[in-house]
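In what follows, a single structure is set out as structure tokens and then discussed.
Everything numeric here is computed off the predicted structure, so don't read it as measured data.
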Amino acid sequence: MSDGEQAWWIPADLLADPAATAALAGLLGTDGPGVAAHDVKPMLRALQRQGIGEVHLVLDTALAGYLLDPADATYDLGVLLERHARRMLPVTGAPDGQLDLSGEAADPSVEAGHRAAAVCILRDPLVSAMEAQGLLSLNADIEVPLVAVLARMEELGIGVDVAELTRLRDELTANCERLRSLVHEAAGEEFNVNSTKQLREVLFEKLGLTPGKKTKTGFSTDASTLERLRDDHPVVAHLLAYREVEKLRSTYGEGLLAEAGPGDRIRATFNQTVARTGRLSSDAPNLHNIPVRTEAGRAFRRAFVPIDGYTLLVADYNQIELRVIAHLADDPGLIAAFEAGDDIHTAVAARTWGIDPSEVTSEVRNRAKMVAYGLAYGMEAYGLSQRLGSSVDEANEILESYFAAFPSVRDYMERTVDEARQKGYTETLFGRRRRIPELSSPNFNVRQAAERQAMNAGIQGLAADVFKVALIRIDDRLRADGSASRLVLQVHDEVILEVPTNEVADVEAMVRSEMTGAYDLRVELAVEVATGATWAHAKG
DNA sequence: GCTCCATGCAA
DNA sequence: TATTGCATGGAGC
């Protein structure tokens, strides 16, 4: 540690003490010295609860570890210390999960000292490593500023209508019981319908239905298999209905109600060091997979509400990944398709099959849409054929037509994999790296999976980088403008704000402008904004 | 009580 | 034999 520096390890209970945090305020304010810490978001949340909203953060050792290798399994402080400083965090008590036979409990203050020292020891090696890999601006301009934005969103949470959630849960529970009885009746015996093992025996042994694909442990009973068997036995339709309702009841009905906290708000954690592409993830609960595709599922979005006097404003990037592909590949046809301003899948379909957009049927449009998603995932003909329900030959013809119309896209994909193989990692335009050592695997399947990851990383990663910039800028503007509006949720390419009714027009314009201007692609970044009294009702 | 598996929800 | 995630219930240790 250099002169004038101080190392602190602040126990969580001290952060709940106003007297202690008041003393910290001067130390941590924006005029204070730069702060380096490990996994700082929980600390920022605790300080925010005490009214300290500004901390001059310069380094989070967990974030730095993530930027240096987003595929690592853990960014635990002790692990980082060993990995980047070749030092061990002294063990002060019995190892986790083991009885302390010595009778000497760990001394919390000694352990705290070790952890504070570890952050100091890690600072120089982490900064040097980031500098060597060109990660300093990604760290300083995006990841570090984002921590406080996410801390504010987590701490505020999003409002839920608990009465509505309860009603949905109860309705689903009743339906579940009814459908479970129908399944038992049709099967001719009572069994645990949630057990794939028992279900497999009933369907494929007792009832003699034809099994399809296999899993590690036996024949699959997944939805695509059941769909194929739908007309073969009455139990199958009941099963499919039961599965849908049980999923909604358990994961969303019970799950969301269990997470509703003070003020009827759900406060998820937004993880910044999990996704290997640079995306955020959400847990406890996962607010990134709230249903939207079916009406029964979408009902849960009606339970996400603003407080009185506010409106929910939802803004999402339209087709950001396909736009990113157009940009990265610099494909004239794809760029022109976007510039035409028409429905992109229709425009792509017309160019792929050389027909007029007016001749594009919904089925043909759907094929173009499948290809578009597949592209971002590094798809091959087999994968496409599975999703189109067609032959591999047919899928190959579609892909050939597509690449004939958009040749730069294929060039980009091939170039990307070649570069990644040669360098051992992929890199987004913002410099976000992802090591993919499996590109040199002797195992064909492993190597092919790695190639798909390499194709996907630059696309999903750039979309994530752009989105993070937008999130930071929106939060900056809200605070600079002294707005009463606040960010309550983000879902990969979508932000949700709680906006006082009289601010709606101004905030909509601001959000649109910040999202559109977050990065300059060769195609416009289109943003769709909607407002409403619930997440489901927020429609343009 | 922990871990893995199968399943299914989202972008 | 399409990318990235997380939660659930069952099942095995």
### Task
Please tell me if the side chains of A/Tyr377 and A/Ile459 come closer than 4.5 Å, counting only heavy atoms from C-beta onward.
no

#### Entry: Gap separating the CZ atom of A/Arg243 from the CG atom of A/Asn194, nearest 0.5 angstrom
8.5 Å

### Query
Is a donor-acceptor contact shorter than 3.5 angstrom present between the side chain of A/Arg293 and the base of B/dA10?
no

#### Entry: Side-chain N,O (A/Asn286) to OP1/OP2 (C/dT8) below 4.0 Å
no

### Query
A/Gly255 near the nucleic acid: base, sugar-phosphate alone, or nothing, with a heavy-atom cut-off under 4.0 Å?
sugar-phosphate

### Query
How far apart are the closest heavy atoms of A/Ile266 and A/Ala260, and which atoms are they?
CG1-CA, 3.9 Å

### Message
Strictly below 4.0 Å: does A/Thr217 bring a side-chain N or O up to OP1 or OP2 of B/dA6?
### Response
yes

### Query
Of the nucleotides C/dA2, B/dA10, C/dG9, which one has an atom closest to the side chain of A/Tyr377?
C/dA2

### Message
Taking any heavy-atom pair under 4.0 Å as a contact, classify A/Ala275: base, sugar-phosphate, or nothing.
### Response
sugar-phosphate

### Query
Of the candidate nucleotides C/dA7, B/dC9, B/dC5, which contains the atom at the shortest distance from the side chain of A/Thr251?
C/dA7

### Query
Is the closest side-chain heavy-atom distance between A/Leu489 and A/Trp535 below 4.5 Å?
yes

## Note on the structure
Quick note, A/Arg249 side chain, CB onward, closest among B/dA11, C/dG9, C/dA2 is C/dG9

### Query
Taking OP1 and OP2 of B/dG8, is either one under 4.0 Å from a side-chain nitrogen or oxygen of A/Lys247?
no

### P spacing across the pair C/dA2 / B/dC4, given as an integer number of angstrom
22 Å

### Query
Are A/Thr215 and B/dC5 close enough that a side-chain N or O sits under 4.0 Å from OP1 or OP2?
no

### Task
Could you work out which one of C/dT4, C/dG9, C/dG10 sits closest to the side chain of A/Ser250?
C/dG9

### Message
Students often get this wrong, so: under 4.0 angstrom with heavy atoms, is A/Asn445 touching a base, only sugar-phosphate, or nothing?
### Response
nothing

## Note on the structure
Closest of B/dC9, C/dA2, C/dA11 to the A/Lys197 side chain is C/dA11

### Task
May I ask you to say what A/Asn456 touches in the nucleic acid, namely base, sugar-phosphate or nothing, with a heavy-atom cut-off under 4.0 Å?
sugar-phosphate

### Message
Base, sugar-phosphate or nothing for A/Glu321? Non-hydrogen atoms, less than 4.0 Å.
### Response
nothing

### Query
Any idea which of B/dG8, C/dA2, C/dT4 is nearest the A/Asn289 side chain?
B/dG8

### Minimum-distance nucleotide (side-chain atoms of A/Tyr252 versus B/dC5, B/dC9, C/dG9)
B/dC9

### Query
For A/Ser195 and C/dA11, is the shortest distance between a side-chain N/O and OP1 or OP2 below 4.0 Å?
yes

### Task
Look at all strands and tell whether A/Asn192 reaches a base, only sugar-phosphate, or nothing, counting heavy atoms closer than 4.0 Å.
sugar-phosphate

### Query
Looking across every strand, which nucleic acid part, if any, lies under 4.0 Å from A/Arg200 by heavy atom: base, sugar-phosphate, or nothing?
nothing

### Query
Closest to the A/Asp222 side chain: B/dT7, C/dG5, B/dA11?
B/dT7

### Message
Between the base of C/dT3 and the side chain of A/Gln460, is there a donor and acceptor pair under 3.5 angstrom?
### Response
yes

### Query
Which part of the nucleic acid does A/Ser220 contact within heavy-atom distance under 4.0 Å: base, sugar-phosphate only, or nothing?
sugar-phosphate

### Message
Side chain of A/Arg301, heavy atoms from C-beta onward: which of B/dA11, C/dG5, B/dG8 has the nearest atom to it?
### Response
B/dA11

### Message
Classify A/Gln198 by what it touches in the nucleic acid, base, sugar-phosphate, or nothing, heavy-atom distance under 4.0 Å.
### Response
sugar-phosphate

### Message
Regarding A/Ala284, tell me which of base, sugar-phosphate or nothing describes its non-hydrogen contacts under 4.0 Å with the strands shown.
### Response
sugar-phosphate

### Message
Classify A/Arg276 by what it touches in the nucleic acid, base, sugar-phosphate, or nothing, heavy-atom distance under 4.0 Å.
### Response
sugar-phosphate

### Distance test, side-chain N/O of A/Arg279 to OP1/OP2 of C/dT3, below 4.0 Å
no

### Message
Heavy atoms from C-beta onward define the side chain here; which of B/dA6, C/dG5, C/dT4 lies closest to that of A/Thr196?
### Response
B/dA6

### Task
Answer with base, sugar-phosphate or nothing: what part of the nucleic acid does A/Ala464 contact at a heavy-atom distance below 4.0 Å?
nothing

### Query
Would you say C/dT3 has OP1 or OP2 under 4.0 Å from some side-chain N or O of A/Arg452?
yes

